[in-house]
Engineer: 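One structure, pasted below without further comment.
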Amino acid sequence: MLVPEISLTPQTVERFVSRFGERVAILHSRLSLGERNDEFKRICSGGVDVVVGVRSAVFASLKNLGLMILDEEHEQSYKAENAPAYHARDIAEYRAKQNHIPVVLASATPSIESYARAVRGQYHLMTLKNRANQNQMPDVRIVDMRKELVDGNRSVLSEELKQEISKNLERKEQTILFLNRRGFSTFVSCRNCGYVVKCKHCNISLTYHKNRNYLTCHYCGYTVKNVTVCPECGSKYIRYFGTGTQRVEEEIAELFPTASVLRMDVDTTTGKGAHQQILEQFEKEKTDILIGTQMVAKGLDFPNVTLVGVLAADMSLNLDDYRANERTFDLITQVCGRAGRGNIEGRAILQTYMPESPVLEMAKKQDYVSFYKEEIQLRNGLHYPPFCDIISILFTSVNENAMVAYAKSAAAYLRRACQDMDADVLGPSASNLSRINNKYRWRILIKCKSDHTIRDILKHMLEKHTKNKESKIINMVVEVNPNSLM
């Protein structure tokens, strides 16, 4: 039984243990080496019937494997980003064929690729049309934040959301506030000269974390003390732009000083067992408000949560990624689904500067089928998955000139090798994040079907690369359908 996030493991384990007793093993990266070794021994010796875990648990060596389940199968965390860049869904399907057993891919918002296979008859589609408790889906309302600004509201919370939170506090019902960005501010800038404080190792701005008064890079971890004087012009007109979960937490404390609040993001869940502690506290102590990133957006089941607030519903819509619409629809649909899972009907508020977006409108209606029909037409017209595969060849090096020349040579080879195929070779060009941890990043993209022909070409290219002297200073990574092209 696979789940996409460690934060979901405690509730899932609790349910399985309550049904199947002690013959349940748990596998995830927050276990110590000793704990992981103990669990592997129990699995290999036949001492368990069920394994619950994250992506890597798909390799668990159960002796008499009879069923594999991927909960929230659409989640991108099932795809490994480091070599070998496998997808847990592919491994599950392979193991299922080897063992002649079924795989269940479960999701309220299936990946476009999986649903397309179901439409074509490659998968068997089973639809649950009602919630387990027969409750209605949450009543979702969209709030135009442009009007809030015109009316003089500079808060991260709309007036409507403030009112709904107040109602929940009066009724002793719980609220989840979702913002997929941690920290206090997303970047720090000088209002006098426009200077933006950036990471010295990466081509990205630093994020301000107010609780420790530092600036940090969320890619390489580089951290410096907060800037109060502009290093460029000496001005003291430093301003913090954007909003993160820390800032939301602070504003909630100011607006609702008697409310109990928990925050769940990467910064608050670094310790062992931190996910479980926060969720147990939220459930047992009936904490009023849980603020979080995508950790709180799916899989969590709290009967007393009746209100969900999405603070920047359009945040991921404008990303340079062909999956932007899909990811936005998934996140909003999933997080809204956290409300009303008990006996009281739920409601959700979507705050956005793009209320006219059809993606948000379909998410509001929880209308996956309409979204799929729109999205599949777009993918077909632009020749994106599932109508082709996108193969990424990423080059990284501290020596940009040598790497660019090498990437251009590789692209020329690929164009010659693929000239008789239905394939488009694009690039090389600098990645959107052109430098991370002092390494420059350039990329070639190939749009084609990932068949034996292209795999043989890439295998030959990788073998040739390992024998070249340039491989000592230039790294090359090949990945099929990567999660991100940043």
Engineer: Please determine whether side chain to side chain contact (heavy atoms under 4.5 Å, CB included) holds for the pair V404 and Y440, giving the CA-CA distance in whole Å, both sets of side-chain angles, and the decisive distance to 0.1 Å.
Structural biologist: CA-CA 9 Å; V404 171; Y440 296 93; over 6 Å; no
Engineer: I457 and C418: which non-hydrogen atoms are nearest, and at how many Å?
Structural biologist: CD1-SG, 4.2 Å
Engineer: Can you tell me how far SG of C217 sits from NZ of K198, rounded to the nearest 0.5 angstrom?
Structural biologist: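 Output value for this atom pair is 11.5 Å.
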Engineer: For S434 and N203, which I'm curious about, is there any donor-acceptor pair between the side chains at under 3.5 Å?
Structural biologist: yes
Engineer: Out of F40, Y86, Y94, which one pairs with F59 under the ring-ring contact (aromatic ring centres under 6.0 Å, His included) rule?
Structural biologist: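 The residue from F40, Y86, Y94 that satisfies ring-ring contact (aromatic ring centres under 6.0 Å, His included) with F59 turns out to be Y86.
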Engineer: Which of these, V48, L67, V50, sits in a side-chain contact (heavy atoms from CB on, under 4.5 Å) with L62?
Structural biologist: V48
Engineer: Is S370 close to K365 at the side-chain level, that is, under 4.5 Å between some pair of heavy atoms?
Structural biologist: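 K365 vs S370: side chains apart.
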Engineer: With side-chain contact (heavy atoms from CB on, under 4.5 Å) as the test, pick out the partner of M295 among L300, L279, V266.
Structural biologist: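 With M295 as partner, L300, L279, V266 yield a single side-chain contact (heavy atoms from CB on, under 4.5 Å), made by V266.
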Engineer: Go through the steps to decide whether F178 and Q294 satisfy the test side chain to side chain contact (heavy atoms under 4.5 Å, CB included), and finish with yes or no.
Structural biologist: CA-CA 7 Å; F178 168 70; Q294 63 180 4; 4.3 Å; yes
Engineer: Heavy-atom distance under 4.5 Å between the side chains of I26 and E39, does that happen here?
Structural biologist: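 A side-chain contact exists here, since the closest heavy-atom pair is under 4.5 Å.
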Engineer: Flag the pair Q76 / S484 as yes when at least one side-chain heavy-atom distance between them is below 4.5 Å, and no otherwise.
Structural biologist: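 Counting from C-beta outward, Q76 and S484 never come under 4.5 Å.
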Engineer: Evaluate the side chain to side chain contact (heavy atoms under 4.5 Å, CB included) criterion for residues Q246 and D267: first the C-alpha distance (whole Å), next the side-chain angles of each, then the deciding distance (0.1 Å), finally the verdict.
Structural biologist: CA-CA 10 Å; Q246 282 186 14; D267 298 320; 4.2 Å; yes
Engineer: For S471 and T466, does a side-chain donor sit closer than 3.5 Å to a side-chain acceptor?
Structural biologist: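 Absent: no donor and acceptor within the cut-off.
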Engineer: Quick check against the 3.5 Å criterion: does R441 have a side-chain atom that pairs as donor or acceptor with the backbone of N432?
Structural biologist: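 Here the side-chain-to-backbone pair does not exist.
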Engineer: Main chain of V425, side chain of R415: is a donor-acceptor contact present, judged purely on distance under 3.5 Å?
Structural biologist: yes
Engineer: Just wondering, do I436 and T396 contact through their side chains at under 4.5 Å, heavy atoms?
Structural biologist: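 No, too far: nothing below the 4.5 Å cut-off.
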Engineer: Could you tell me which non-hydrogen atom of I142 sits nearest to which non-hydrogen atom of L360, and how far apart they are?
Structural biologist: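 Of all heavy-atom pairs spanning I142 and L360, the closest is CD1-O, 4.1 Å.
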Engineer: Nearest 0.5 Å, what's the OG-CE distance between S397 and M403?
Structural biologist: 6.5 Å
Engineer: Is the backbone of A405 close enough, under 3.5 Å, to the side chain of S409 for a donor and an acceptor to pair up by distance?
Structural biologist: no
Engineer: Counting C-beta onward and ignoring hydrogens, is there a side-chain heavy-atom pair between L177 and L179 closer than 4.5 Å?
Structural biologist: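 Sidechains of L179 and L177: no contact.
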Engineer: If we ignore hydrogens and angles and just use 3.5 Å, is the side chain of Q11 paired with the main-chain N or O of D301 as donor and acceptor?
Structural biologist: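 Looks like yes, one N/O pair under 3.5 Å.
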Engineer: Check S316 against T328 and note the closest heavy-atom contact, atom names and distance.
Structural biologist: OG-OG1, 2.7 Å
Engineer: Given the rule in the side-chain hydrogen bond (donor to acceptor under 3.5 Å, both in side chains) test, do S77 and E5 qualify, once you have shown the distances and angles that lead to the verdict?
Structural biologist: CA-CA 7 Å; S77 56; E5 298 263 5; 5.1 Å; no
Engineer: Keeping the roles fixed (side chain from D321, backbone from R323), state whether a donor-acceptor pair exists under 3.5 Å.
Structural biologist: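 It does hold such a pair.
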Engineer: For a 4.5 angstrom cut-off between non-hydrogen side-chain atoms, does S111 reach R89?
Structural biologist: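 S111 reaches R89 side chain to side chain.
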Engineer: A quick test of your reading: do over 12 heavy atoms of other residues, nucleotides or ligands sit less than 6.0 Å from NZ of K79?
Structural biologist: yes
Engineer: Report the residues that fulfil side chain to side chain contact (heavy atoms under 4.5 Å, CB included) with P482, sequence neighbours left out, ordered by chain and then residue number.
Structural biologist: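 For P482 the side chain to side chain contact (heavy atoms under 4.5 Å, CB included) partners, ignoring immediate neighbours, are S392, E479, L485.
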Engineer: Could you tell me how the ring of F371 sits relative to the ring of F329: parallel (under 30°), tilted (30 to 60°) or perpendicular (over 60°)?
Structural biologist: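 Because their plane-to-plane angle is under 30°, the rings of F371 and F329 count as parallel.
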Engineer: Determine whether a donor-acceptor pair (N or O, by modelled atom type, separation under 3.5 Å) exists between the side chain of S431 and the backbone of L433.
Structural biologist: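 Not confirmed, S431 side chain does not pair with L433 backbone.
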Engineer: With rounding to the nearest 0.5 angstrom, report the OG1 to CD1 distance, T352 to I332.
Structural biologist: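 One gets 7.5 Å once the value is rounded to the nearest 0.5 Å.
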Engineer: Testing the basics here: between M315 and N180, what is the closest heavy-atom pair and its distance to 0.1 Å?
Structural biologist: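 Closest pair (atom of M315, atom of N180, distance): SD-O, 3.8 Å.
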Engineer: Atom NZ in K63, atom CD1 in I43: separation rounded to 0.5 Å?
Structural biologist: 12.0 Å
Engineer: With a sphere of 6.0 Å drawn around CG of N82, does it hold more than 12 non-hydrogen atoms of other residues, nucleotides or ligands?
Structural biologist: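 At most 12 heavy atoms, drawn from other residues, nucleotides or ligands, come within 6.0 Å of this atom.
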Engineer: Any side-chain heavy atom of M68 sitting closer than 4.5 Å to one from E93?
Structural biologist: no
Engineer: Going through the distances and angles, do C336 and L350 end up as a side chain to side chain contact (heavy atoms under 4.5 Å, CB included)?
Structural biologist: CA-CA 9 Å; C336 288; L350 306 184; 3.7 Å; yes
Engineer: Could you tell me the separation between the CZ atom of R95 and the CD1 atom of I101, rounded to the nearest 0.5 Å?
Structural biologist: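 It is 7.5 Å, given to the nearest 0.5 Å.
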Engineer: Taking only Lys NZ, Arg NE, NH1 and NH2, and the carboxylate oxygens of Asp or Glu, determine whether E160 and R347 approach each other closer than 4.0 Å.
Structural biologist: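 No, no charged N to carboxylate O under 4.0 Å.
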Engineer: Determine whether a donor-acceptor pair (N or O, by modelled atom type, separation under 3.5 Å) exists between the side chain of D265 and the backbone of T268.
Structural biologist: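 Yes; judged by distance alone, with no hydrogens or angles, the pair exists.
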Engineer: How long is the span from the CE atom in M1 to the CG atom in L27, to the nearest 0.5 Å?
Structural biologist: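 It is 14.0 Å, given to the nearest 0.5 Å.
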Engineer: Would S158 and E148 count as a side-chain hydrogen bond (donor to acceptor under 3.5 Å, both in side chains) here? Give the steps.
Structural biologist: CA-CA 7 Å; S158 64; E148 296 287 318; 4.9 Å; no
Engineer: Using side-chain heavy atoms (C-beta onward) and a distance below 4.5 Å, is I454 in contact with K449?
Structural biologist: no
Engineer: Is atom CZ of R19 surrounded by more than 12 heavy atoms (other residues, nucleotides or ligands) closer than 6.0 Å?
Structural biologist: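 Result for CZ/R19: open.
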Engineer: Report, one line per pair, each donor and acceptor closer than 3.5 Å where one atom sits in a side chain of residues 376-390; sequence neighbours left out.
Structural biologist:
{"unit_1": "R379", "atom_1": "NE", "unit_2": "E375", "atom_2": "OE2", "d": "3.1"}
{"unit_1": "R379", "atom_1": "NH1", "unit_2": "P385", "atom_2": "O", "d": "2.7"}
{"unit_1": "R379", "atom_1": "NH2", "unit_2": "E326", "atom_2": "OE1", "d": "2.7"}
{"unit_1": "D389", "atom_1": "OD1", "unit_2": "N481", "atom_2": "ND2", "d": "2.9"}
{"unit_1": "D389", "atom_1": "OD2", "unit_2": "S450", "atom_2": "N", "d": "2.8"}

Engineer: Is the backbone N or O of F282 less than 3.5 Å from a side-chain atom of Q174, with the two atoms forming a donor-acceptor pair by type?
Structural biologist: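 Here the side-chain-to-backbone pair exists.
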Engineer: Ring centres of Y219 and H201 under 6.0 Å apart?
Structural biologist: no
Engineer: Any donor and acceptor pair, going by atom type alone, linking the side chain of Y368 with main-chain N or O of P110 inside 3.5 Å?
Structural biologist: yes
